[in-house]
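Working notes for the structure below.
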Protein chains: 2
Amino acid sequence: MAKKISLADIASSLGVSKTLVSLVVNNKGDAHGISKETQKKVREKIRELKYQPNELARGFRMGKTNTIGLIVSDISNRFYAKIARNIEDYAWQHGYTVIICSTDEQVEKEKEQIRLLMDRKVDGLIISSSQESPDFFNNLVEVGMPHVLIDRTFDQMKSPAVSVDNYAGARLAAQHLLSQGLQKIALVTITPEHISTISRRIDGFTHELAANGINLPPEWFIKVPFDNMEAVLSERLTSLSEANNLPEAIFTLNNNLTSVCLKCLRELSVSVPRQIALIGFDDVTFFSFTQPSVTAIAQPIDRISEKAFELLLQQFGKSQTAAKLQNTVLAVDIKIRESSLKPIPTYT
Amino acid sequence: MAKKISLADIASSLGVSKTLVSLVVNNKGDAHGISKETQKKVREKIRELKYQPNELARGFRMGKTNTIGLIVSDISNRFYAKIARNIEDYAWQHGYTVIICSTDEQVEKEKEQIRLLMDRKVDGLIISSSQESPDFFNNLVEVGMPHVLIDRTFDQMKSPAVSVDNYAGARLAAQHLLSQGLQKIALVTITPEHISTISRRIDGFTHELAANGINLPPEWFIKVPFDNMEAVLSERLTSLSEANNLPEAIFTLNNNLTSVCLKCLRELSVSVPRQIALIGFDDVTFFSFTQPSVTAIAQPIDRISEKAFELLLQQFGKSQTAAKLQNTVLAVDIKIRESSLKPIPTYT
DNA sequence: TTGAAAGCGCTAACAT
DNA sequence: ATGTTAGCGCTTTCAA
């Protein structure tokens, strides 16, 4: 690795002070009344020697790294990948760079990652947490670490947050199914269920069903583990099928679940939507490409990212004051497509 | 932000030197003959004061940040999202953290990002480049910046790289189509075509067709811009359809293209595979869930990531020696599914 | 078995 | 209009 040119190098080779050079590098030359002439000399030397400021040293000195951390359960999940991309864009626009960490829903790993990023002095954190309580994050606001919680939030939390109205979204799904006269309805969720998004979707859906006099029998309240969806779901559906006890409709609580469910139904040769109507929470592009296209509750991914980044910037601004709680809840949409439509639409 | 405890704090509060504390923090106490007793005292104080080493300062001092940069065209693309996840895992296992940058195929942005990451002193770079020549990267090996090129590579490059056999993969696709007696075959590619993966796929496919006496007429060599696939492809297919000049089969050069093509065909009410057989380069989970399921050339994503990270670690090891060129080319697989099968398979 | 001091590259208060 | 100096928090000779 060729020795890097430093401020001192260009200063000494010019017979001026490091201060001077630093000033012009940071475009503070004029403000400090450094002569145009000297500035030009310095700039030329900088170009000649191909000087590049050591951002690490600068960050160290200024206590600011222009880096933010993004913590999610799995960056390869469509939803988070999109979020990541949007946040990366906003970050880049503001001169920040983003470090990504996937937790695999493991609370300890998540904490470890956050601690590491803090030790690395990232300026802020955007987190979709797998934790069960807000304690860890309340402590973060206590110590003044800028951060915002996204997607998954907590009651009693002190952190700024942005999420969507999961409860309303799930109700939308239930209403859509009910409006078509469907009564035998199943719910497929992942465990752990304590995740706020999941529990609110469950509540919204079951409440809406209950309000319409329908209850969700245990055998149609299907829980599959986060890391083994396909095998478990397949097994459950198969046994329901064999018992001749399949529902008429299924609501899946996230996009992975929706995909996996589609696949399982296919393998069981269950036709969607003819035999079973399907609707999922969380929309992905692909759902409009498939046959049948898939009905889904769509989250405003870009607005989530935008708001999250904005809340972070806000905290960077007022350095000393503790981050003020602001819990933004965004509305969701239902994208009605073929998979949930009974009777089946006819094509020309 | 509560004042952070530093090495000096715990040293002075114990009446010992920073050296001592540093040594025990880094588990070099025994090696340097520091008494068990003192070590214990230090460790207790560390716990009491909740001391956390400032990794930024440490990185600055040691010239090592334990951070690597991952540069791809778009982190929200399935393929790169998976790559990112795998690399993140390997990185985490080895104590590294990863910064992600999406270039949107913009060469200048890519260069800027790489320069910024270098100024931030990342230890290494893994790059799927959008550049047209290897010059920039050859220079990187010259200055001893550890990096590895993935996915897209260059002739005459001096950088370590890992890619897949795009040429062979495309031939596989052609052979599959030809083996079914299909003759009227179209190719859908993105522009810019200079990207190595793309050009090799084009070559492999057209060469295989040519070897079988089939040529690709210009109107079936469909080029759509990276950032406007759907509109353009739709327009082209529509006009072919109106001219009654649709092919019998289509080969799409990446997963986005495949999805988009599927959608366009649907909107044209063209049945896949009955009217047109479809096969795409690059497999994504979803392709096995759809109706029809989609035939694709599958890349060994995990092996790409693993090898890439390994090549990077290798460069970290032998610090002084220039990175030795190693261009790993991995084999691809064809996943034959319904979309490419003629006659259409029958289901029970 | 332990400590003093230098220094990584930069910025900023304080001279001059 | 420009320079001196101290110091961010850590590791690492070199001494004692």
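Below, read A as the first sequence line, B as the second, and so on, with proteins coming before strands; counting in each chain starts at 1.
For DNA chain C, the neighbouring residues in residues 56-65 of chain B, judged by any heavy atom under 4.0 Å, are B:Phe60, B:Arg61. Heavy-atom distances under 4.0 Å link DNA chain C to B:Val16, B:Ser17, B:Thr19, B:Leu20, B:His32, B:Gly33, B:Ile34, B:Ser35, B:Thr38 of residues 16-41 of chain B, given in residue order.
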Next on the checklist: As a quick check of understanding, evaluate side chain to side chain donor-acceptor pair (under 3.5 Å) for B:Gln156 and B:Asn138, giving each step before the final call.
Outcome noted: CA-CA 9 Å; B:Gln156 315 292 335; B:Asn138 287 348; over 6 Å; no
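From the 5' end on, the contacts that DNA chain C makes with chain A at under 4.0 Å to a non-hydrogen atom open and close at C:dG9 to C:dA13. Contact footprint of chain A on DNA chain D: nucleotides with an atom under 4.0 Å from a non-hydrogen protein atom, first to last in 5' to 3' order, D:dA1 to D:dG9.
Residues meeting the side chain to side chain contact (heavy atoms under 4.5 Å, CB included) test with B:Thr328, sequence neighbours left out: B:Val162, B:Lys307, B:Leu311, B:Gln326, B:Leu330. A search for side chain to side chain contact (heavy atoms under 4.5 Å, CB included) contacts involving B:Lys64 returns B:Asn66, B:Tyr96, B:Asp123, not counting sequence neighbours. By the side chain to side chain donor-acceptor pair (under 3.5 Å) test, B:Ser133 pairs with B:Asp135, sequence neighbours left out. For B:Ser35, the side chain to side chain contact (heavy atoms under 4.5 Å, CB included) partners at least two apart in sequence or on another chain are B:Glu37, B:Thr38. The side chain to side chain contact (heavy atoms under 4.5 Å, CB included) search around A:Gln106 returns A:Asp104, A:Lys109, not counting sequence neighbours. Remark: A:Lys50 engages no residue in a side chain to side chain donor-acceptor pair (under 3.5 Å) (not counting sequence neighbours).
No side-chain N or O of B:Arg120 forms a donor-acceptor pair with one of B:Thr65 less than 3.5 Å apart. No side-chain donor from either of A:Gln113 and A:Thr103 sits under 3.5 Å from a side-chain acceptor of the other.
Considering only heavy atoms from C-beta on, A:Lys111 comes within 4.5 Å of A:Phe136 through its side chain. You'll find the side chain of B:Trp92 reaches within 4.5 Å of the side chain of A:Leu116, heavy atoms only.
Axis orientation changes by 50° from one end of the helix from C:dT1-D:dA16 to C:dT16-D:dA1 to the other, with each end axis drawn from 5 pairs and the value rounded to 10°.
Residues B:Gln131 and B:His194 approach most closely at O-CE1, 3.6 Å, considering heavy atoms.
Sorted by first and then second residue, the ring pair (Phe, Tyr, Trp, His ring centres under 6.0 Å) pairs with a member in residues 33-80 of chain B read A:Phe60-B:Phe60; sequence neighbours excluded.
Of the possible donor and acceptor atoms, one in the side chain of A:Ser196 sits under 3.5 Å from a partner among the backbone N and O of A:Thr153.
If you run side-chain hydrogen bond (donor to acceptor under 3.5 Å, both in side chains) between A:Asp151 and each of A:Ser128, A:Ser129, A:Ser163, only A:Ser128 comes through.
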